[in-house]
Protein chains: 2
Amino acid sequence: MNSSRPVTIKDIARRFRCSPSTVSRALNDHPAINEDTRKNIQEYAKEVGYQRNEVSLSLLNKKTATLGVVVPTIGNYYETAVIEGLHTILQPLGYTLNICVTNENYLLEKEYLSKLLSNRTEGIFLSVSQETYDAGYYEHLESVIQRKTPLIFIDREYEDFETSRATVDDYHGAFAAVEHLLTIGYKNIAHLKGPNGLTVSEQRFKGYRDCLKKYDIPIREELIINTNFKVESAIVPTKRLLDLDSPPDAIFGVNDQVAIGAMRVILDRGLKIPGDVGIVGFDNSPISAYTYPSLTTVHRPGRKIGMEASRLFLNQLNGSGDFVHENIVLPTELIIRESSLRIS
Amino acid sequence: MNSSRPVTIKDIARRFRCSPSTVSRALNDHPAINEDTRKNIQEYAKEVGYQRNEVSLSLLNKKTATLGVVVPTIGNYYETAVIEGLHTILQPLGYTLNICVTNENYLLEKEYLSKLLSNRTEGIFLSVSQETYDAGYYEHLESVIQRKTPLIFIDREYEDFETSRATVDDYHGAFAAVEHLLTIGYKNIAHLKGPNGLTVSEQRFKGYRDCLKKYDIPIREELIINTNFKVESAIVPTKRLLDLDSPPDAIFGVNDQVAIGAMRVILDRGLKIPGDVGIVGFDNSPISAYTYPSLTTVHRPGRKIGMEASRLFLNQLNGSGDFVHENIVLPTELIIRESSLRIS
DNA sequence: ATAATGTATGCAAACGTTTGAAAAAATTTT
DNA sequence: AAAATTTTTTCAAACGTTTGCATACATTAT
């Protein structure tokens, strides 16, 4: 046998020949307890390493002080920043964050949600997986809604689903990025797009497209290629772009990773950045300031998103009557660095 | 009021004018239950969205199927890889991972451990925080030991503390990195060291030092400068190195981040990599293959560490009699790329 | 001494579920 | 029709803790 049974309140009661209630009260500094009794019990409890069984308390109080954070991945800077933001607000309030990584997998997401509900999690922060989004599934959310567990969407949202959301203004971020390239003098701007269907991908793509429209630049389909957000996934697409008869003179990457991948390919071809090709990324990940050349990017306030999402949760928790659905959209900020500064 | 009371087994029992036991058995497909009863109850349960309260079960069975993962940060590729590895093995076994980020803070680490124990977590994976390590604290681990909760150390270890560990062979990884630089022809190798006191920092430093010794190269104190693992923290130290009367012709960074920071400073000075200065990092983070020039680095098998740590946990769990303490040390692999290939 | 007060402790129920043993109901065998 | 057997259901306890109410004891005022 392995684990020794933890000391319980009953054990202590037996030792002092008193009732569990007395022990409980003594440990919680209840006023109606004799000073000596209290001291003795507390001392003994400390000595034997008594630790209150929170599971039983959860059952009794129907409170678990646990929140679920369901995200597709934690591999990127952004997600960890969001988690940090959630943590900053919620940890001091006594909440434990249960972080679940779905790997963009619908079934896993479903299982996690079900598990979180079974464990009586008091709130769920959800960034839906790609599979979920692609397929338009939402049945697995029904039970969350039915149970009236506060549900906060982070970034990836369902178009027609009534819940609170904290998202970044990807559209205007992308718009600003492309506009920046245009005003610097770049004319043929390609876009390394994110996976189809995801809000972040589509919003950034829309920003790209609308900006070109605004400046009366025709959209060339061959300049828009998909990636999966990862560095490697930018390699082949970028080569394809450079091999075009009329290659782009600038690339807007859906995130810093693909932008960095693109830069690598471009430099390998002996082209100059930003001289021959201008590059802009998205995220403002720590590394982006130290690549060579440093990367112009769009700052995405992950920490703030986490903090705002926490606020939304707390609002819903305290919200009297029906749910209050809020939709927070945080602005981005264009960070101009070397990769887009063509010195003419 | 907000959350509607979840449906319980008692509610269903009342509805069918039977006892809770019958409902429980019906839901669990117990053989001694009438087929019709079973079907009716299961249907109704589904209809009203019944979900078993796992909290009560945890209390009853003294099993929570929850494991704690306590790490200083999740900002780097490596940690997320470890978590992925743990996840790969443990999720299919029904375990939920409770990921706790200490931000290198002792107090937070202590609080998390205490909370995990209170919540009757069945095992803890711990990478101790820098503060904890610096101060040599270990009292907060006593209660974990006392409770005989399986405790697995990840990477950062206490020298004299009897538990299972899964670590990477930092020493030989560093040794190989430096040896590689030496055999290529670099003579003055600097080291951007990690924070003092941490096992990873010290082991890599030792590898660096011992390799120089082996090749009879005197250690120059001024070539060893501390960083905190982050890109930014490499900037000033690298400048300092380059400003020396006799600057190094190669730099071994404690991780990829600082190596990338160093590269940036070097390139800014108009020096060539690897021509003037050779660079080696540590981690083999995804980005390291796509920097310009690409970074020679030491592969650190994070995923494997997570999987091995899971195995250690499972061993301890099934271990008959006393604890089985195992010490797994995984080998690293030198990944040679452009940043160290001096073409003479 | 008795009543009135104050202080300290115990009882029992509750949270939601499972499970061995007992009881009840239905079926089969004599 | 009674007995034996099988099938189905209920009872009660357990997990660890808290808390309103009752009770016991000690102290003070009458």
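Chain letters run A, B, ... following the sequence lines, proteins first and then strands; every chain starts at 1. Treat the numbers as computed from the prediction; the structure is a model and nothing was measured.
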Determine, for [X] against [Y], whether the closest basic-nitrogen to carboxylate-oxygen distance falls under 4.0 angstrom.
X: Arg38(A); Y: Glu35(A); value: yes
X: Asp11(A); Y: Arg5(A); value: yes
X: Glu308(B); Y: Arg311(B); value: yes

Considering only nitrogen or oxygen atoms on both sides, find all protein atoms under 3.5 Å from nucleotides 22-24 of chain D and state each distance.
none

Return no unless some side-chain N or O of [X] is found under 4.0 Å from OP1 or OP2 of [N].
X: Asn28(B); N: dT18(C); value: yes
X: Lys62(B); N: dG16(D); value: yes
X: Lys10(A); N: dC15(D); value: yes
X: Arg52(A); N: dT18(D); value: yes

Nearest to side-chain heavy atoms of Ser24(B), which nucleotide of dT18(D), dT18(C), dC15(D): dT18(C)
Examine the side chains of Ser129(A) and Glu109(A) and answer whether a donor and an acceptor come within less than 3.5 Å of each other. yes
Reading 5' to 3' through nucleotides 4-12 of chain C, protein heavy-atom contacts under 4.0 Å coded B for base, S for sugar-phosphate only, - for none: ----BBBBB
Could you tell me whether [X] contacts a base, only the sugar-phosphate backbone, or nothing, with contacts defined as non-hydrogen atoms closer than 4.0 Å?
X: Tyr50(A); value: sugar-phosphate
X: Ile9(B); value: sugar-phosphate
X: Leu60(B); value: base

Can you check side chain to side chain contact (heavy atoms under 4.5 Å, CB included) on Thr96(B) and Asn98(A), steps first, answer last? CA-CA 9 Å; Thr96(B) 293; Asn98(A) 208 325; 3.6 Å; yes
Rounded to whole Å, please give me the gap between CG in Asp36(B) and P in dA26(C). 14 Å
